[in-house]
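Please read the structure below before turning to the comments.
Sequence lines set the chain letters: A, B, ... in the order given, protein chains first and strands last, and positions in each chain run from 1.
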There are 2 protein chains.
Amino acid sequence: MPKITKSDLLDTLRQRILQLDIAPGSVLDEATLCEAYGVSRTPLREILHRLAGEGYARIQPNRGVSVSSMDIETMRNFFQTAPMIYASVARLAAENAVPEKIAALRAVQKSFRAAVETAKPRDMAISNHKLHEMIGSMAGNPYLSPSLQRLLIDHTRMSQTFYAARSKAEQALIQTACDQHDDMIDAFEARLPSRAVELALDHWALSRDRIERYVRPDPLPVNPHDTAEEVRDAV
Amino acid sequence: MPKITKSDLLDTLRQRILQLDIAPGSVLDEATLCEAYGVSRTPLREILHRLAGEGYARIQPNRGVSVSSMDIETMRNFFQTAPMIYASVARLAAENAVPEKIAALRAVQKSFRAAVETAKPRDMAISNHKLHEMIGSMAGNPYLSPSLQRLLIDHTRMSQTFYAARSKAEQALIQTACDQHDDMIDAFEARLPSRAVELALDHWALSRDRIERYVRPDPLPVNPHDTAEEVRDAV
DNA sequence: TTGCTTTAGATTGTGTACAATCTGTATTTT
DNA sequence: AAAATACAGATTGTACACAATCTAAAGCAA
């Protein structure tokens with residue numbers, strides 16, 4: 001029976017949700033989870049309430065808890081909101097930068113780069129999530145943090161495919177994103193809010209384009225003899 | 001023994017916190033609350049976790065739950081963030097207006113106006129809070145809502161003094177705020193995002209000035225013979 | 001006195017039994 | 001046959017007892 005602490009279990013569930021190991025919309029069954037992690041229902045239920053409060057899940061009274069879903073309407077709101085929040089947070093992070101937190105950022109960025117170099121998609125996604133969470137923490141604005149949190153949850157879930165890059169071109173994009181992280185941390189450290197905002201928006205644009213490309217891929221060729229490029233130009 | 005449902009108790013505690021009936025920073029004692037409302041600790045603890053998730057309270061493991069505090073740093077972040085979020089929410093509310101929700105807004109605004117006319121500060125604060133929550137709901141953006149929620153919690157708590165208006169001038173300000181509500185709802189209904197943003201910022205400016213005036217009141221006259229106006233001009 | 005250790009009381013966290021509610025199926029009624 | 005109802009099994013919600021942890025006061029050593 002694997003003994004596990006409450007905060008560890010909370011973290012484990014958060015990660016499983018972020019990695020799509022537990023699918024959006026699926027039900028978090030109390031009995032199953034208790035069995036799996038060897039805790040009783042009382043603490044588990046408190047964890048579920050907490051997950052709900054953080055936006056990872058949703059509680060319907062007398063009908064259980066389910067992982068937050070990601071429908072088309074949600075996506076629309078995501079694209080509408082992300083740049084504003086990310087830019088604001090970057091600005092505040094630059095204004096409120098302190099050496100201690102900068103060092104912590106660099107440490108996480110180091111593990112992100114390591115994950116990139118060893119091509120471990122899951123580690124990339126989690127490190128990236130953590131990095132951006134820490135930027136939010138450095139921004140230190142309790143009114144923006146909850147929005148940032150919710151954006152990051154869905155952003156990380158959507159990016160799962162991103163990090164499992166197949167082509168050389170996709171790997172190059174990941175490298176660019178990785179370099180952008182370093183530039184952003186430099187901007188925070190130098191306390192350059194405008195520069196931080198600019199970099200944050202570039203970083204967002206890269207991610208956005210990649211997600212859009214996944215959601216709306218190049219159509220299959222109508223005529224099997226056409227190349228993908230010809231089809232794309234025609235559309 | 002007053003029998004109370006879980007969601008009612010959740011709502012009651014939210015209102016008590018908003019009305020400063022439970023002071024910022026004070027601990028929410030499990031035993032006391034169980035005694036007071038006749039529920040056992042298990043459901044109460046789940047309510048407390050929920051309140052923490054929503055930003056009304058803060059959990060420190062093994063050290064209990066306390067009502068969110070409002071220190072000087074928090075205030076700074078509040079003033080920095082509020083206009084952006086309020087404006088964004090107003091824009092989205094105008095874009096996503098539906099007759100059903102407009103009707104609901106008008107109903108709450110009616111009860112707000114009634115509270116103003118009967119000079120009931122607590123009802124004003126709660127109606128105002130509810131109205132702005134509903135605007136957020138109509139905006140329908142799950143990424144902005146949590147930030148709006150947190151802003152409203154502290155905004156309502158800070159406004160407690162505002163609604164207990166003493167002078168004629170202060171009552172006139174409340175009237176203005178009330179009229180702004182109607183204008184905003186009209187703008188939502190007519191689907192005029194720019195107009196809605198403009199009105200939201202006016203509404204914010206009014207509230208902000210009032211709060212600032214409370215935090216930094218006119219200084220007492222140095223020389224007892226001076227009038228308040230002379231002192232203000234001299235500062 | 002000052003600082004550390006011990007220990008009793010209070011508070012928070014967990015496990016388990018039981019109650020309330022919901023869901024889906026089978027039966028009854030029209 | 002269709003609709004309504006009743007029931008059984010499963011799931012969620014609550015109460016309470018007990019375990020773990022923290023707090024603060026008392027005692028002891030320097």
Side-chain angles (χ1 to χ4, degrees), chain A residues 1-17 21-69 71 142 149 153, chain B residues 1-17 20-69 71 142 153:
Chain A
M1 194 66 69
K3 185 72 178 173
I4 192 170
T5 77
K6 200 167 162 184
S7 68
D8 281 347
L9 178 51
L10 180 60
D11 220 52
T12 300
L13 289 177
R14 278 196 281 241
Q15 287 212 7
R16 290 188 61 189
I17 292 171
D21 183 31
I22 308 178
S26 65
V27 178
L28 291 166
D29 185 62
E30 290 183 6
T32 308
L33 290 171
C34 288
E35 178 75 15
Y37 295 103
V39 293
S40 80
R41 286 180 55 223
T42 311
L44 179 74
R45 281 171 63 85
E46 292 182 354
I47 288 173
L48 294 180
H49 277 253
R50 186 98 175 242
L51 285 174
E54 294 174 1
Y56 287 86
R58 182 167 158 241
I59 294 178
Q60 291 168 293
N62 293 319
R63 293 165 139 235
V65 181
S66 49
V67 177
S68 301
S69 58
D71 52 23
Q149 278 292 339
I153 290 168
Chain B
M1 193 69 69
K3 186 72 178 173
I4 193 170
T5 76
K6 201 167 160 183
S7 68
D8 281 348
L9 177 51
L10 181 60
D11 221 54
T12 301
L13 289 177
R14 279 196 281 241
Q15 287 213 7
R16 288 189 60 191
I17 292 171
L20 299 177
D21 183 30
I22 308 177
S26 64
V27 292
L28 291 165
D29 184 63
E30 289 183 8
T32 309
L33 290 171
C34 288
E35 178 76 14
Y37 294 104
V39 293
S40 80
R41 286 179 55 221
T42 311
L44 178 74
R45 281 171 63 86
E46 292 182 355
I47 288 174
L48 294 180
H49 278 252
R50 186 100 175 240
L51 285 174
E54 293 173 0
Y56 286 87
R58 180 166 159 241
I59 294 178
Q60 290 168 292
N62 293 318
R63 292 165 140 237
V65 181
S66 50
V67 177
S68 302
S69 58
D71 51 23
I153 290 168

A/Leu33/A/Leu28 under side-chain contact (heavy atoms from CB on, under 4.5 Å): CA gap, chis, key distance, verdict: CA-CA 7 Å; A/Leu33 290 171; A/Leu28 291 166; 4.1 Å; yes

Residue mapping more 5' on DNA chain C - nearest nucleotide basis, A/Ser40 or B/Ala31: B/Ala31

Set of residues satisfying side-chain hydrogen bond (donor to acceptor under 3.5 Å, both in side chains) with respect to B/Asp8, sequence neighbours excluded: B/Thr5

For [X] and [N], what is the distance between atoms [atom1] and [atom2] respectively, to the nearest whole Å?
{"X": "A/Leu10", "N": "C/dG13", "atom1": "CG", "atom2": "P", "value": "13 Å"}
{"X": "B/Glu35", "N": "D/dC16", "atom1": "CD", "atom2": "C1'", "value": "15 Å"}
{"X": "A/Arg41", "N": "D/dT14", "atom1": "CZ", "atom2": "C1'", "value": "10 Å"}
{"X": "A/Leu28", "N": "D/dT12", "atom1": "CG", "atom2": "C1'", "value": "14 Å"}
{"X": "B/Glu30", "N": "C/dT14", "atom1": "CD", "atom2": "P", "value": "12 Å"}
{"X": "A/Glu46", "N": "D/dG13", "atom1": "CD", "atom2": "C1'", "value": "13 Å"}
{"X": "A/Arg45", "N": "C/dG13", "atom1": "CZ", "atom2": "P", "value": "16 Å"}
{"X": "B/Ile4", "N": "D/dG13", "atom1": "CD1", "atom2": "P", "value": "17 Å"}

Within residues 59-69 of chain A, residues whose heavy atoms come under 4.0 Å of DNA chain C: A/Asn62, A/Arg63

Pair A/Arg50 + A/Glu54: basic N to acidic O under 4.0 Å: yes

Over all atoms of both residues, closest heavy-atom pair of A/Pro43 and A/Lys6: O-CE, 4.1 Å

Over 12 non-hydrogen atoms of neighbours within 6.0 angstrom of CZ in B/Arg63: no

Backbone of A/Gly55 reached by a side-chain donor or acceptor of A/Ser68 within 3.5 Å: yes

Under-4.0 Å side-chain N/O to phosphate OP1/OP2 contact, A/Lys6 with C/dT14: yes

